[in-house]
Amino acid sequence: MQADLFGITYPPGLAVLRGFALAEAEALLTAVAAVAAVAPFRNMVTPGGHAMSAAMTNVGLGWVTDRRGYRYTAEDPLSGLTWPELPSVVRALGEGAAEAAGFAGFQPDGCLINRYIPGARMGLHQDSNEADMSAPIVSVSLGLPAVFLFGGLNRSDPAMKIPLAHGDVVVWGGPARLAYHGVAPLKVGEHPATGGVRYNLTLRKAL
Ligand code: MD3
Ligand code: FE
């Protein structure tokens, strides 16, 4: 384990690639806008009946939640249309980041796109709806900074706080793959690339 510039030591299975997506950020945001024109951001409802504070859309296989539960779908339930294709700029970035983190051969089949406005958050949860837990998840942060909460394999384990800024990419795999994680409420701010919001792209191998 190695401390980074913030003095943070990361647990095994977690690689923080600061600024890895900076050169592609504008292209990624253009791709997100094109996706949202076809499959708009929406606040999905949890099985418990609460609207999520982060708005979501997808490309490729899409993660959805409603009163019936969490699952991956080929179609956007709002339109009945297939989710838009995984944009090549998103796929290339995800594959490159996975390789840089030691997961060569990562083949994502979908990407969940989250949009946070000030106050939006994500409670501690595990990503466990994917079929193959040997594949990592690659996350790309764009726009306003956020505090990411990274816990352990039990919900009650203490969570470390990791600041994530525009262009940062995090790869989670191996022993970190089923760790509890979340996002602290987004603070008000203004970012030159996104205005008052944060986007997070999570590339996944769902099947
Ligand atoms: C750690 N999104 O969409 S990405 C999610 O910033 C999600 O929008 C957050 O958690 C966001 O499910 C955080 C970072 C992330 C993604 C997947 C993980 C961290 C993870 C899977 C296992 C462990
Ligand atoms: Fe998650």
Side-chain angles (χ1 to χ4, degrees), residues 8 10-18 20-21 28 32 35 41-44 46-47 52-65 69-72 83 90 93-94 97-98 101 103 106 108-155 157-187 189 191 194 197-206:
I8 301 174
Y10 302 111
L14 191 171
V16 180
L17 309 175
R18 298 280 175 202
F20 191 90
L28 291 167
V32 168
V35 169
F41 284 98
R42 81 292 305 265
N43 296 89
M44 298 187 200
T46 64
M52 298 187 73
S53 58
M56 299 176 171
T57 186
N58 286 282
V59 290
L61 285 173
W63 184 87
V64 301
T65 176
Y70 309 127
R71 62 198 174 279
Y72 281 93
W83 293 109
V90 177
L93 187 85
F103 293 93
F106 175 50
D109 55 16
C111 180
L112 171 64
I113 307 172
N114 299 327
R115 185 184 66 194
Y116 295 80
I117 60 173
R121 57 186 288 277
M122 197 172 284
L124 283 181
H125 66 279
Q126 294 171 299
D127 288 19
S128 57
N129 301 120
E130 299 76 29
D132 177 6
M133 289 296 151
S134 73
I137 289 181
V138 175
S139 121
V140 184
S141 292
L142 296 169
L144 287 180
V147 173
F148 183 75
L149 308 169
F150 186 77
L153 295 178
N154 295 104
R155 189 184 291 276
D157 291 342
M160 68 188 295
K161 294 181 177 179
I162 303 175
L164 290 180
H166 180 68
D168 287 349
V169 176
V170 189
V171 182
W172 326 77
R177 181 62 181 75
L178 280 172
Y180 278 88
H181 60 277
V183 179
L186 195 80
K187 289 191 177 159
H191 192 281
T194 65
V197 307
R198 168 181 189 253
Y199 296 99
N200 183 267
L201 284 60
T202 48
L203 288 108
R204 298 142 185 270
K205 184 174 184 295

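What you see is a predicted model; the values in this text were computed from it and never measured. Ligands are counted one by one from 1 in listed order, and the atoms in each one are counted from 1 as well.
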**Student:** How does Ser141 reach ligand 1, if at all, at less than 4.0 Å between non-hydrogen atoms: by side chain, backbone, both, or neither?
**Tutor:** neither
**Student:** Among all protein heavy atoms, pick the one closest to atom 4 (S) of ligand 1 and tell me residue, atom and distance.
**Tutor:** Asn200 OD1, 3.3 Å
**Student:** Distance to 0.1 Å, residue and atom name: give those for the protein heavy atom nearest to atom 19 (C) of ligand 1.
**Tutor:** Trp172 CE2, 3.0 Å
**Student:** Looking only at protein heavy atoms, which one is nearest to atom 21 (C) of ligand 1, and what is the separation?
**Tutor:** His181 CE1, 3.5 Å
**Student:** Show the atoms of ligand 1 that are less than 4.0 angstrom away from any heavy atom in Arg177.
**Tutor:** 21 (C), 22 (C), 23 (C)
**Student:** Side-chain contact test, heavy atoms from C-beta onward, threshold under 4.5 Å: evaluate it for Val170 versus Phe148 and give yes or no.
**Tutor:** no
**Student:** Can you check whether Asp157 reaches Tyr180 side chain to side chain, under 4.5 Å on heavy atoms?
**Tutor:** no
**Student:** Describe, in one word, how the ring planes of Tyr199 and Phe41 are oriented to each other, choosing from parallel (under 30°), tilted (30 to 60°) and perpendicular (over 60°).
**Tutor:** tilted
**Student:** Of all the heavy-atom pairs spanning Leu61 and Ala206, show the shortest one and how long it is.
**Tutor:** CD1-CB, 4.0 Å
**Student:** Please enumerate all residues that pass side chain to side chain donor-acceptor pair (under 3.5 Å) together with Arg42, with sequence neighbours excluded.
**Tutor:** Asp76
**Student:** Does the side chain of Arg198 come within less than 4.5 Å of Val183's, by heavy atoms?
**Tutor:** yes
**Student:** Give the numbers and elements of all ligand 1 atoms closer than 4.0 Å to a heavy atom of Ile137.
**Tutor:** 16 (C), 17 (C), 21 (C)
**Student:** When you compare ligand 1 with Arg204, is there at least one nitrogen or oxygen pair between them that comes in under 3.5 angstrom?
**Tutor:** yes
**Student:** Tell me the closest heavy-atom pair linking Gly94 and Leu203, and the distance in Å.
**Tutor:** CA-CD1, 3.9 Å
**Student:** For Gln126 and ligand 1, answer yes if some heavy atom of the residue is under 4.0 Å from a ligand atom, otherwise no.
**Tutor:** no
**Student:** Report yes if the side chains of Thr65 and Pro47 come closer than 4.5 Å at any heavy-atom pair, otherwise no.
**Tutor:** yes
**Student:** Write out the residue and atom name of the closest protein heavy atom to atom 7 (C) of ligand 1, then the distance separating them to 0.1 Å.
**Tutor:** Met122 SD, 3.6 Å
**Student:** How far is atom 17 (C) of ligand 1 from its nearest protein heavy atom, and which residue and atom is that?
**Tutor:** Asp127 OD2, 3.3 Å
**Student:** What closest approach, in Å, do Asp132 and Lys205 show between heavy atoms, and which atom pair accounts for it?
**Tutor:** OD2-NZ, 3.6 Å
**Student:** Measure Phe148 to ligand 1 on non-hydrogen atoms and call it side chain, backbone, both or neither using the 4.0 Å cut-off.
**Tutor:** side chain
**Student:** Looking at Leu112, which atoms of ligand 1 are within less than 4.0 Å of one of its heavy atoms?
**Tutor:** 3 (O)
**Student:** Using a 4.0 Å cutoff against the non-hydrogen atoms of Tyr116, which atoms of ligand 1 qualify?
**Tutor:** 6 (O), 8 (O), 9 (C), 11 (C)
**Student:** For ligand 1, note which part of Leu178 has a heavy atom under 4.0 Å away: side chain, backbone, both or neither.
**Tutor:** neither
**Student:** Work out how many protein N, O or S atoms lie closer to the Fe ion (ligand 2) than 2.8 Å.
**Tutor:** 3
**Student:** Does Leu164 reach the side chain of Arg18, with side-chain heavy atoms less than 4.5 Å apart?
**Tutor:** yes
**Student:** Is the contact between Arg198 and ligand 1 made by the side chain, the backbone, both, or neither, using heavy atoms and a 4.0 Å cut-off?
**Tutor:** side chain
**Student:** Quick one: does Thr202 get a heavy atom under 4.0 Å from ligand 1?
**Tutor:** yes
**Student:** Under 4.0 Å from any heavy atom of Val183, which atoms of ligand 1 are there?
**Tutor:** 6 (O), 9 (C), 11 (C)
**Student:** Would you mind reporting whether Val197 and His191 have side-chain heavy atoms less than 4.5 Å apart?
**Tutor:** no
**Student:** Heavy-atom contacts with Ser139 under 4.0 Å: which atoms of ligand 1 show up? List them by number with element.
**Tutor:** 4 (S), 14 (C)
**Student:** Is the shortest side-chain heavy-atom distance between Leu28 and Val90 below 4.5 Å?
**Tutor:** yes
**Student:** Does the side chain of Trp83 reach to within under 4.5 Å of the side chain of Val59, using non-hydrogen atoms?
**Tutor:** no
**Student:** Say whether Asn114, considering both its backbone and side-chain N or O atoms, lies within less than 3.5 Å of an N or O atom on ligand 1.
**Tutor:** yes
**Student:** Using a 4.0 Å cutoff against the non-hydrogen atoms of Ala176, which atoms of ligand 1 qualify?
**Tutor:** 22 (C), 23 (C)
**Student:** Using every non-hydrogen atom in the two residues, find where Trp172 and Phe150 come nearest and quote the distance to one decimal.
**Tutor:** CZ3-CD1, 3.3 Å
**Student:** What heavy-atom pair brings Leu142 and Gly167 nearest, and what distance separates the two atoms?
**Tutor:** CD2-N, 4.3 Å
**Student:** In this structure, does ligand 1 have an atom that sits under 4.0 Å from one of the heavy atoms of Met56?
**Tutor:** no
**Student:** List the atom of Phe103, the atom of Gly173, and the distance in Å for their closest heavy-atom pair.
**Tutor:** CZ-CA, 3.6 Å
